[in-house]
Protein chains: 2
Amino acid sequence: MKNAATIDISADWDTLRPEEKLASFRALDREAADDFFLSLESRQQAELLQLFPPGERRLWMRLLDPDDAADALQEVEPAVRSELLGELDEATRREVAALLAYREDQAGGLMSPRFARVRPESTVDEAIAYLRLQAPNVETIHYAYALDGEQHLLGVVPFRLLFAAPPERRVADIMRTRIVSVAENADQEEVAALFAKLHVFALPVVDAENRMVGIVTVDDAVDVVQQEASEDIQKLGGSEALDEPYLKIAFLRMIRKRGGWLTLLLLGEMLTATAMARYEEHVAKAAVLAMFIPLIISSGGNSGSQAATLVIQAMALGQLRLRDWWRVVRREVGAGLLLGAGLGAIGLGRIVLWQALWGSYGEHASRISLTVGFSLLSVVLLGTIAGSMLPFLLRRAGVDPASASTPFVATLVDVAGVVLYFTIATLLLRGYLL
Amino acid sequence: MKNAATIDISADWDTLRPEEKLASFRALDREAADDFFLSLESRQQAELLQLFPPGERRLWMRLLDPDDAADALQEVEPAVRSELLGELDEATRREVAALLAYREDQAGGLMSPRFARVRPESTVDEAIAYLRLQAPNVETIHYAYALDGEQHLLGVVPFRLLFAAPPERRVADIMRTRIVSVAENADQEEVAALFAKLHVFALPVVDAENRMVGIVTVDDAVDVVQQEASEDIQKLGGSEALDEPYLKIAFLRMIRKRGGWLTLLLLGEMLTATAMARYEEHVAKAAVLAMFIPLIISSGGNSGSQAATLVIQAMALGQLRLRDWWRVVRREVGAGLLLGAGLGAIGLGRIVLWQALWGSYGEHASRISLTVGFSLLSVVLLGTIAGSMLPFLLRRAGVDPASASTPFVATLVDVAGVVLYFTIATLLLRGYLL
């Protein structure tokens with residue numbers, strides 16, 4: 001990798017102070033500086049643009065493609081935005097202003113308006129000559145799009161095939177008319193899923209009348225997939241999505257994003273105290289019961305977290321849809337019974353063993369071991385069912401299934417686990433320990 | 001989207017029986033069948049290839065690019081593999097056989113050997129004519145690679161710029177010589193990270209002598225990012241990565257992958273029972289202490305899961321490296337103190353309120369409330385520190401940090417939480433309740 005210098009700076013970039021950023025950027029030769037600037041995220045480009053003295057801004061603004069310029073401008077204050085917009089030439093300014101009207105997470109917000117066009121009635125040679133004229137000003141000529149006079153999308157031809165076709169053929173004869181396009185207001189997650197499925201380099205973006213307005217390219221999909229996965233992972237971990245790098249986000253903003261969920265979970269977990277208050281007498285009579293509370297509720301929480309994660313992940317990849325819920329229930333009931341029986345047997349065995357070795361649990365050890373064993377079985381079963389169904393319920397209610405975070409599932413199962421455990425204890429131990 | 005029919009079948013594909021797959025595939029017209037076959041995952045292509053009668057296999061094998069053919073062949077038994085390999089023409093067979101030598105998760109396993117070459121000493125017009133000859137047989141002509149006689153990579157020129165350059169210029173004058181390339185044995189995660197950073201459509205793959213052996217294209221990076229994120233998410237949820245779709249994986253294989261972790265976690269959680277055995281007398285004297293066990297240990301687990309997830313995610317995105325550990329400790333000590341103080345205040349307030357309303361906790365209510373409040377503060381602080389440092393320790397030890405799953409962190413913190421809680425209770429309540 002000859003580009004090692006560039007890559008090294010960028011690894012440290014976010015940790016530099018503003019004046020250090022400017023200094024290390026200025027230390028690059030021109031080609032390296034261009035590469036580096038273009039490789040930055042929009043947020044970082046926006047920051048650097050504002051660090052430059054006004055006279056230098058034009059140069060760097062004009063290096064950006066319209067879609068990247070629009071992304072960078074989304075990151076700055078409105079006043080700075082119009083100042084930077086003013087650095088662009090008239091035509092680009094109009095393109096960028098049009099892109100700024102889309103939300104960042106829509107196809108329109110990701111697209112470039114600079115795509116390669118051909119006329120369907122042209123010959124292959126005419127089309128190639130026409131593309132040669134467009135080449136300096138388009139994002140890619142990987143595909144050429146055949147449009148009619150009203151910009152309706154009629155066909156697509158990979159440039160590679162156009163280039164290899166007999167010169168006198170018509171574009172209309174070699175173009176593909178079965179086209180996958182995306183709506184300008186399509187969600188970016190939908191766009192990324194299409195790229196993952198279709199293995200193409202670019203997709204045309206069309207408005208409500210099927211007029212082509214731009215292309216989205218697959219390199220943007222990589223970012224989207226990574227960003228959506230980050231959000232899912234952070235939500236699953238029981239936090240709001242930070243939306244900023246960990247070391248970069250302001251401390252108090254991070255605390256707010258984390259504190260909200262932790263507080264909600266604490267309030268939920270307080271129900272365990274309420275539930276247990278009903279069994280205070282049981283605990284007073286048989287303190288041994290308290291020893292196994294963490295073991296039992298955690299096992300329920302763990303099996304629930306696991307089931308929820310697998311289901312959420314399968315949903316995110318499009319492997320599971322709402323109507324599959326019944327198949328999932330059947331699988332998870334089976335899994336819960338089998339896993340619960342295994343864990344229950346281990347828990348039961350542990351008590352039997354300790355009793356045999358040290359007599360730890362007194363005369364009712366076998367009943368205590370049965371209580372713990374059955375409680376583990378039921379709480380694991382409960383956990384897998386609750387964990388696997390919660391994402392379906394959330395999605396049904398229109399909420400992101402990833403909000404069924406592992407701590408959320410664990411909290412739900414904890415409360416139920418306490419009740420289950422003491423109910424089973426009451427059944428098995430009344431007249432003995434209770 | 002005119003391609004709706006194709007997309008509908010593919011959504012249901014994995015749920016169909018083999019004979020249904022063959023029937024719905026045969027119902028497609030030729031163009032749709034081509035599109036559909038190419039849009040399948042390698043696993044699905046391999047399955048379909050084996051469903052076809054032998055006479056039909058050649059047609060579909062030959063539709064695949066060498067890299068995709070190699071991926072599909074990785075999914076079948078060795079005997080079938082050589083039979084299918086035999087359906088390819090001689091040249092492609094050699095290419096595919098060479099690709100099969102790479103591991104699937106290396107750059108070499110992702111690459112296509114069919115890239116567009118130019119000679120640096122050619123004129124622009126000569127290069128374009130030469131590329132026109134290659135066009136039908138290369139994966140993309142988005143970039144043309146300038147090689148010397150020994151296949152050493154000297155430069156890259158985007159076809160778009162070559163196409164727009166004056167016909168008499170030399171390729172050597174317009175090509176970029178600052179090239180980012182990947183080693184043939186580079187990990188696919190590294191390749192995906194480069195694509196996410198550089199926003200290019202393809203990267204050249206070189207061997208140890210800088211001879212170019214192929215290109216990896218960005219569409220493959222989308223899959224890699226998605227696959228790596230899935231693995232991370234499943235590990236974080238406390239399961240081995242399933243590596244197969246949820247509804248598709250054999251039931252017992254899934255149980256094995258899930259059961260291993262759950263059993264380990266159960267064994268870890270048994271330490272809570274051991275730890276609590278030391279405090280059985282405390283519980284016998286003051287059963288009220290047992291009421292708050294789930295609340296306290298879960299709060300530690302939740303804050304630990306949250307911190308671990310944020311750190312693992314930041315590591316996966318390259319925002320955090322080993323040497324950042326000290327900055328993370330400082331942030332997390334601050335976060336733990338602040339979040340812990342908040343949760344502790346809520347826990348304390350809850351007891352004070354219940355006492356005021358119903359007298360639930362008797363004469364020592366204020367000492368109980370302080371015990372719970374301080375325990376929450378310390379356990380949350382402990383959780384954030386343990387959760388944020390565990391991924392660093394694992395990475396240091398060469399283990400995937402995502403193995404610091406949320407249930408794993410929660411279990412660690414549970415055991416310590418029990419000890420902390422009863423220690424604080426002993427300090428504050430001895431001579432009163434204890």
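Within every chain, numbering begins at 1; the chains are lettered A, B, ... in the order of the sequence lines, protein sequences first and strands thereafter.
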Which heavy atom of [X] sits nearest a heavy atom of [Y], and at what distance?
| X | Y | answer |
| --- | --- | --- |
| B:Gly334 | A:Phe251 | C-CZ, 3.4 Å |
| A:Leu266 | B:Gly347 | CD2-N, 4.4 Å |
| A:Phe195 | A:Ala221 | CD1-CB, 3.6 Å |
| A:Arg350 | B:Ala273 | NH2-CB, 4.1 Å |
| A:Val409 | A:Ala308 | CG2-CB, 3.8 Å |
| B:Leu198 | A:Ser39 | CD2-CB, 4.4 Å |

Select one option (side chain, backbone, both, neither) describing which atoms of [X] are under 4.5 Å from chain A's heavy atoms.
| X | answer |
| --- | --- |
| B:Ala135 | both |
| B:Leu252 | side chain |
| B:Leu338 | side chain |
| B:Ile351 | neither |
| B:Thr411 | side chain |
| B:Val138 | both |
| B:Leu343 | both |
| B:Asp29 | side chain |
| B:Leu262 | both |
| B:Phe292 | side chain |
| B:Ala410 | neither |
| B:Asp324 | side chain |
| B:Glu231 | neither |
| B:Asn302 | both |

Would a 4.5 Å heavy-atom cut-off, applied to side chains only, mark A:Tyr246 and A:Met254 as touching?
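In short, these two side chains touch, coming nearer than 4.5 Å.
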Just give me the residue among [options] that pairs up with chain A most often, heavy atom to heavy atom, under 4.5 Å.
| options | answer |
| --- | --- |
| B:Ile293, B:Val288, B:Val418, B:Leu271 | B:Val288 |
| B:Gly268, B:Pro245, B:Ala229 | B:Pro245 |
| B:Glu281, B:Glu41, B:Glu31 | B:Glu31 |
| B:Leu295, B:Ile346, B:Asp223 | B:Leu295 |
| B:Leu289, B:Asp232, B:Val328, B:Val311 | B:Val328 |
| B:Ile296, B:Ile128, B:Asp68 | B:Ile128 |

Between [options], the one whose heavy-atom pairs under 4.5 Å with chain B are most numerous:
| options | answer |
| --- | --- |
| A:Thr140, A:Leu161, A:Val206 | A:Thr140 |
| A:Val283, A:Leu265, A:Asp219 | A:Asp219 |
| A:Val222, A:Ile141, A:Leu247, A:Val200 | A:Leu247 |
| A:Glu269, A:His282, A:Lys285 | A:Glu269 |
| A:Glu228, A:Lys248, A:Glu280 | A:Glu280 |
| A:Met276, A:Arg160, A:Met270 | A:Arg160 |

Going through the distances and angles, do B:Ser298 and A:Asp414 end up as a side-chain hydrogen bond (donor to acceptor under 3.5 Å, both in side chains)?
CA-CA 9 Å; B:Ser298 302; A:Asp414 279 0; 2.8 Å; yes
Report yes if the distance between the aromatic ring centroids of A:Phe201 and A:Phe159 is under 6.0 Å, otherwise no.
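Centroid separation for A:Phe201 and A:Phe159: 6.0 Å or greater.
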Counting only heavy atoms closer than 4.5 Å, note whether [X] contacts chain B via side chain, backbone, both or neither.
| X | answer |
| --- | --- |
| A:Ala307 | both |
| A:Glu139 | backbone |
| A:Val415 | neither |
| A:Leu320 | side chain |
| A:Ile233 | both |

Below 30° counts as parallel, above 60° as perpendicular, anything between as tilted: where do the rings of B:His142 and A:His142 land?
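Taking A:His142 first and then B:His142, their aromatic rings sit tilted (interplane angle of 30° to 60°).
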May I ask you to decide if B:Phe163's main-chain N or O and A:Arg132's side chain share a donor-acceptor pair within less than 3.5 Å?
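It does hold such a pair.
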Do B:Arg331 and B:Thr384 pair up side chain to side chain, a donor and an acceptor below 3.5 Å, judged on atom types alone?
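Their side chains do not contain a donor-acceptor pair, so the 3.5 Å distance test is not met.
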Side-chain donor-acceptor pair under 3.5 Å between B:Arg258 and B:Thr263, yes or no?
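There is no such pair between these side chains.
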Quick check for you: to the nearest 0.5 Å, what is the distance between [X] atom [atom1] and [Y] atom [atom2]?
| X | Y | atom1 | atom2 | value |
| --- | --- | --- | --- | --- |
| A:Lys235 | B:Thr309 | NZ | OG1 | 14.0 Å |
| A:Leu339 | B:Ile255 | CG | CD1 | 4.0 Å |
| A:Ser305 | B:Trp261 | OG | CH2 | 13.0 Å |

